[in-house]
> 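Just dropping this structure here.
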Number of protein chains: 2
Amino acid sequence: MNEILELLKSRSSLRKYENKPISREDLDYILEGAMRAPTAGNMMMYSIMVIEDQEKKEILSHTCDNQPFIANAPTILIFVADFQKWHDYYRYNGVEEYCKKNDLEFNRPSEGSLFLALGDAIIAAQNAVIAAESVGVGSCYIGDIVEHYEEHKKLLNLPDYAFPAAMLCLGYYPEGLKLTPKPRFDKKYIVFNEEYKSLNSDEIKDMYSSLNNRFSSENKYKAENYAQMHYAFKTGSDFSEEMARSMREIIKIWNGNKL
Amino acid sequence: MNEILELLKSRSSLRKYENKPISREDLDYILEGAMRAPTAGNMMMYSIMVIEDQEKKEILSHTCDNQPFIANAPTILIFVADFQKWHDYYRYNGVEEYCKKNDLEFNRPSEGSLFLALGDAIIAAQNAVIAAESVGVGSCYIGDIVEHYEEHKKLLNLPDYAFPAAMLCLGYYPEGLKLTPKPRFDKKYIVFNEEYKSLNSDEIKDMYSSLNNRFSSENKYKAENYAQMHYAFKTGSDFSEEMARSMREIIKIWNGNKL
C-alpha cells in the first residue's frame, strides 16, 4: 500500500491540538492543496475563511452546538459555498440586459448552483484535510456550522449567495498522541454493484449490530434500544432541528422563494 | 513538498482512458480509501454504486448532458447521499412508537440530513479521487448526475431517501499522456482572513480577467463579452435549468413538501 493510501487509512478526526500556531508555510500548503481541488467547470464556487481570532473561535465554539474544543484549535477554516462572485461578474457585465435582448431568462442562483457550489466547497475542504494530514496537522469537520445561518452570516460578513458548507478545526497533533481510526460499516452495506440494493430488516439489523454495545438500558432518553437512543440524541435532537431550519432558510434564498 | 502535496497539485480531470479494466486490487484500494473518509457522527450517510455494465454507462453518457467519453470509462462510481438505511434502522427499532410515547416528533429525513448526507457522499468521493490517483487511475467528476433525478432513480433502483450526489469516471491514464493542471483564480479572491471580503467591480474585473481571452466576438450566443457567453452556455443553459428542477424535486422529498 502506498503512502497516500496509508494516510487515508490511518486518518482520524483530531479534537485535541498541540498548543502552537500552524506555521504559515504549512497553512499555505493546506490552502494551496484546497485550491487545487476539482471544481465544476473550473468555476471555484467557494471561498475559504481563515479564522484565528480568539474571540471569533470562542463564538463559533458556542454557536456550533457548544463544543469547547473548537476554541482551542489554532486555526479554523470555513469553506463557504459561494456563487456571489459569479453573480456579480454577470451583473457587472450586463448579463441581465443581454438576457432581455436575447429573450433569455436571467436566473438568480438556483438550487442547481447551490448543489454545485456546495460540492465545490466540500471537495476543497477534503483536499485541505489531506494536505493538512500530510504535514502533521490534524483536523475535525464541524457540520454544525450550517446551524444558526443568520448569526454566522453576520459573524462572517457573508453576502446572500454564500453560506458555510464546511468548517475544519486544524492543529498539530499533540506529541505522543496515537488515534485509532473508528470502525466503519461493512463494505457490503455501503458498496453495491450496478444498482442500489435495498436492505431488508435482517440486513439492517446485521449492518447496525456493532452499535448495540453502546446501548445502556439506564439512559436519560428512556430508550429501549440503541436506535431509539441514537434518534433521541442525534436525528431528533434540537441541533438537528436547527440545522434543518437553517438549511431551509439557505435554500429559500437560493431559489428565490420559488418552492 | 511531500508526495501527497505533489499529487494534489498535479491532479487534473481525466476524460480519456487506457482501454483496460481497473484491476480488482486497485478498485478495492479506491473503495476502501473512500470508506475511510470522514463522515458526520460516523454515520456513513452514503452508498457507492460501482457501474461497469456497458449499457448502463451508455445511458449515463446520454442522461449526463450527452458526454460520450463517459461510456468509455472502464468504471463509474456513483456516490449517493443516503439516509434510507438510517431511516429504516429507526423504523425497524420502533423509533416512531418511542417518539409517540415520549412526546417527541418523529421527523422524516430533513434538509439537515440532506446536507449531512450530501457532505458525507462528496467527502467520500474526493477520497476516492485521491486514492485512485495514487494508483495511477485518473478521474473526472460528472456534476450532471444530479439532473434527470427521476430517470436516475429508476436506473439505479434508488429508494426515496437516496439521491446521486457525485459521479466519478475512472480509468488508467493512457500511456504517455501528460495533463497540465488548469489555472485557478488568484488566491486573494478565494482565501479571506477572518471574514468574507465582498469584491468591488474592479476586483471582480481583475479576478475574472484571465477568462477574457476565451471570448470571441463571433460567437453563436450573440454575446458581447465572456461573462455573457459564459452565462449563455453554462448558468442560463438548459442543463442548468434541469439541474435546478431536479435538485428542487430531491429537496421536496427530503423536506416532506414542507417548503
Side-chain angles (χ1 to χ4, degrees), chain A residues 2-5 8-9 29 31 33 35-36 38 40 42 44 48-50 53 88-90 92-93 95 98 104 110-112 115-116 119 122-123 126-127 134 141 143 146 156-159 182 184-185 190-196 198 201 204 208 225 227-228 231 236 240 243-244 247-248 259, chain B residues 2-5 8-9 29 31 33 35-36 38 40 42 44 47-50 53 88-90 92-93 95 98 104 110-112 115-116 119 122-123 126-127 134 141 143 146 156-159 182 184-185 191-196 198 201 204 208 225 227-228 231 236 240 243-244 247-248 259:
Chain A
N2 66 50
E3 195 188 327
I4 290 155
L5 296 170
L8 298 181
K9 200 179 156 186
Y29 283 139
L31 294 168
M35 286 183 57
R36 284 309 321 163
N42 204 19
M44 301 183 84
I48 309 173
M49 252 114 300
V50 181
D53 175 66
D88 290 345
Y89 173 57
Y90 292 148
Y92 290 135
N93 283 282
V95 170
Y98 161 77
L104 282 168
S110 68
E111 300 86 347
F115 165 77
L116 290 175
I122 292 174
I123 292 170
Q126 184 55 12
N127 256 27
S134 83
Y141 276 97
V146 130
L156 301 169
N157 195 28
L158 298 179
K182 288 212 187 99
R184 296 288 194 245
F185 290 121
I190 301 293
V191 178
F192 302 135
N193 282 327
E194 301 299 341
E195 61 175 27
Y196 194 91
S198 287
S201 62
I204 289 283
Y208 288 89
N225 56 45
Q228 295 177 3
Y231 183 86
S240 285
M243 185 180 283
M247 198 63 219
R248 201 149 53 231
L259 261 187
Chain B
N2 67 49
E3 196 188 328
I4 289 154
L5 297 170
L8 298 180
K9 198 178 158 189
Y29 283 139
L31 293 169
M35 286 182 56
R36 283 310 322 164
N42 204 19
M44 301 184 83
S47 298
I48 310 173
M49 252 115 299
V50 181
D53 175 66
D88 290 344
Y89 173 57
Y90 292 148
Y92 289 135
N93 284 283
V95 170
Y98 161 78
L104 283 168
S110 68
E111 300 87 347
F115 165 77
L116 290 175
I122 292 174
I123 292 170
Q126 184 56 11
N127 256 26
S134 84
Y141 276 97
V146 129
L156 301 169
N157 196 27
L158 297 178
K182 289 212 186 98
R184 297 289 194 243
F185 290 120
V191 178
F192 303 134
N193 283 327
E194 300 299 342
E195 61 174 28
Y196 194 92
S198 288
S201 62
I204 289 283
Y208 287 89
N225 56 45
Q228 296 178 0
Y231 182 86
S240 285
M243 187 181 283
M247 198 64 216
R248 201 148 55 230
L259 263 186

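As the structure is a prediction and not an experimental result, all values here were calculated from the model. Here is how names work: the chains are called A, B, and so on, in the same order as the sequence lines, proteins then strands, and each is numbered from 1.
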> Just verifying a value: how many Å separate B:E111 CD and A:R248 CZ, rounded to the nearest 0.5 Å?
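Spacing of CD (B:E111) from CZ (A:R248) equals 4.5 Å.
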
> What's the separation between atom OH in B:Y92 and atom CD1 in A:I204, rounded to the nearest 0.5 Å?
6.5 Å

> Quick one: does A:E194's side chain have a donor or acceptor within less than 3.5 Å of a partner on B:D53's backbone?
yes

> Need one label for A:L158: side chain, backbone, both or neither, based on atoms under 4.5 Å from any heavy atom in chain B.
both

> If I measure from the heavy atoms of chain B, does A:Y141 come under 4.5 Å with its side chain, its backbone, both, or neither?
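For A:Y141, the side chain is the part near chain B, not the backbone.
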
> Can you name the nearest heavy-atom pair linking A:G33 to B:L8, along with the distance?
CA-CD1, 4.1 Å

> Could you tell me the separation between the CZ atom of A:R184 and the CG atom of B:N42, rounded to the nearest 0.5 Å?
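Answer for the CZ-CG pair, A:R184 versus B:N42, is 4.5 Å.
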
> Give me the atom names and distance for the closest heavy-atom approach of B:Q126 to A:P38.
NE2-CD, 3.6 Å

> Measure A:F185 against the heavy atoms of chain B and call it side chain, backbone, both or neither at under 4.5 Å.
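Both parts, heavy atoms under 4.5 Å.
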
> Below 4.5 Å from any heavy atom of chain B, which atoms of A:N127 appear? Answer side chain, backbone, both or neither.
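Both the backbone and the side chain of A:N127 come within 4.5 Å of chain B.
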
> When you measure from the side chain of B:N2 to the backbone of A:S134, do you find a donor-acceptor pair of N or O atoms at a distance under 3.5 Å?
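Between the backbone of A:S134 and the side chain of B:N2 there is a qualifying donor-acceptor contact (under 3.5 Å).
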
> Find the one option among A:L156, A:I190, A:V95 whose heavy-atom pairs under 4.5 Å with chain B are most numerous.
A:I190

> Would the distance check show the side chain of B:N225 and the main-chain N or O of A:N93 forming a donor-acceptor pair, the cut-off being under 3.5 Å?
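Yes, the answer is positive, given that a donor and an acceptor are paired below the 3.5 Å cut-off.
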
> Tell me, for A:L31 versus chain B, whether the close heavy atoms (under 4.5 Å) come from the side chain, the backbone, both or neither.
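The side chain, not the backbone.
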
> State, to 0.1 Å, how close A:G143 and B:F115 come at their nearest heavy-atom pair, and which atoms those are.
O-CE2, 4.0 Å

